[in-house]
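What follows is one structure encoded as structure tokens, with my remarks underneath.
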Amino acid sequence: QVQLVESGGGLVQAGGSQRLSCAASGLSFGSAAMGWFKQAPGTEREFVATIYRNTITSYASSVKGRFTISRDNAKNTVYLQMNSLRPEDTAVYYCAAYDVPFPTTRGPKYWGQGTQVTVSS
């Protein structure tokens with residue numbers, strides 16, 4: 001079974017940085033498209049970033065230039081480096097894995113449990 005375990009969330013001051021990690025198991029990590037999504041209270045889960053074919057990345061406009069998704073296939077881990085954090089970035093961040101080698105509009109198949117990121121003013 002696929003397991004995605006996020007870590008690295010917590011409280012950070014606005015303007016600060018945080019790095020989230022997602023350790024994956026149970027899937028062919030190197031060939032899997034991976035992503036990060038977020039969900040704030042009362043909102044639907046929304047796309048943050050994806051990475052596929054090891055280096056091809058895509059970002060939501062709200063985080064472009066501030067966040068960086070990366071992966072270490074040797075460690076089966078995907079990261080989300082978050083810089084210049086804003087209070088509106090506050091959300092539960094979910095690691096996700098697609099069942100295809102590239103992101104599709106129908107979304108990921110597998111999800112982590114989420115990690116809370118809170119950005120204080």
Y110 side, atom OH; Q3 side, atom CD - distance, nearest 0.5 Å:
13.0 Å

Residue pair T68 / L80, side-chain heavy-atom distance below 4.5 Å:
no

Would you mind reporting whether F67 and D89 have side-chain heavy atoms less than 4.5 Å apart?
yes

Ignoring hydrogens and geometry beyond distance, is a side-chain donor-acceptor pair present between T90 and E88 at under 3.5 Å?
no

Could you state the interatomic distance from CZ (R66) to CG (L85), rounded to the nearest 0.5 Å?
6.5 Å

Supply the atom-to-atom distance T57 OG1 to R71 CZ, rounded to the nearest 0.5 angstrom.
11.5 Å

Kindly indicate whether the side chain of V92, heavy atoms from C-beta on, has any atom under 4.5 Å from the side chain of T115.
no

Exercise answer: donor-acceptor pairs, residues 8-21 side-chain atoms, under 3.5 Å, sequence neighbours excluded:
| residue | atom | partner | partner atom | Å |
| --- | --- | --- | --- | --- |
| S17 | OG | N83 | OD1 | 2.8 |
| Q18 | NE2 | G8 | O | 2.6 |

How far apart are the closest heavy atoms of T77 and A23, and which atoms are they?
OG1-CA, 4.1 Å

Do Q116 and Y93 come close enough that some side-chain heavy atom pair is under 4.5 Å?
no

How many angstroms lie between CD1 in I51 and CD1 in I56, if you round to the nearest 0.5 Å?
9.0 Å

Identify each donor-acceptor pair in which a side-chain atom of residues 28-41 lies under 3.5 Å from a protein atom, sequence neighbours left out, and give them as a table.
| residue | atom | partner | partner atom | Å |
| --- | --- | --- | --- | --- |
| S28 | OG | S31 | OG | 3.0 |
| S31 | OG | S28 | O | 3.2 |
| W36 | NE1 | Y79 | O | 3.3 |
| Q39 | OE1 | R45 | NE | 3.3 |
| Q39 | OE1 | R45 | NH2 | 3.4 |
| Q39 | NE2 | T43 | O | 2.9 |

With a 4.5 Å cut-off on side-chain heavy-atom distances among I, L, V, M, F, W and Y, is there a chain of contacts connecting Y52 to L4?
no

Nearest 0.5 Å please: distance from the OG atom of S58 over to the CZ atom of F47.
4.0 Å

Heavy-atom pair with the smallest gap, counting every atom of V78 and S70:
CG2-O, 3.1 Å

Between atom CG of D99 and atom CG of L27, what is the distance when rounded to the nearest 0.5 Å?
10.0 Å

I'd like to know if W111 and V2 are part of one continuous hydrophobic network [Ile/Leu/Val/Met/Phe/Trp/Tyr, side-chain heavy atoms within less than 4.5 Å].
no

May I ask whether Y59 and V117 are part of the same hydrophobic cluster, defined by side-chain heavy atoms of I, L, V, M, F, W, Y residues being less than 4.5 angstrom apart, directly or through others?
yes

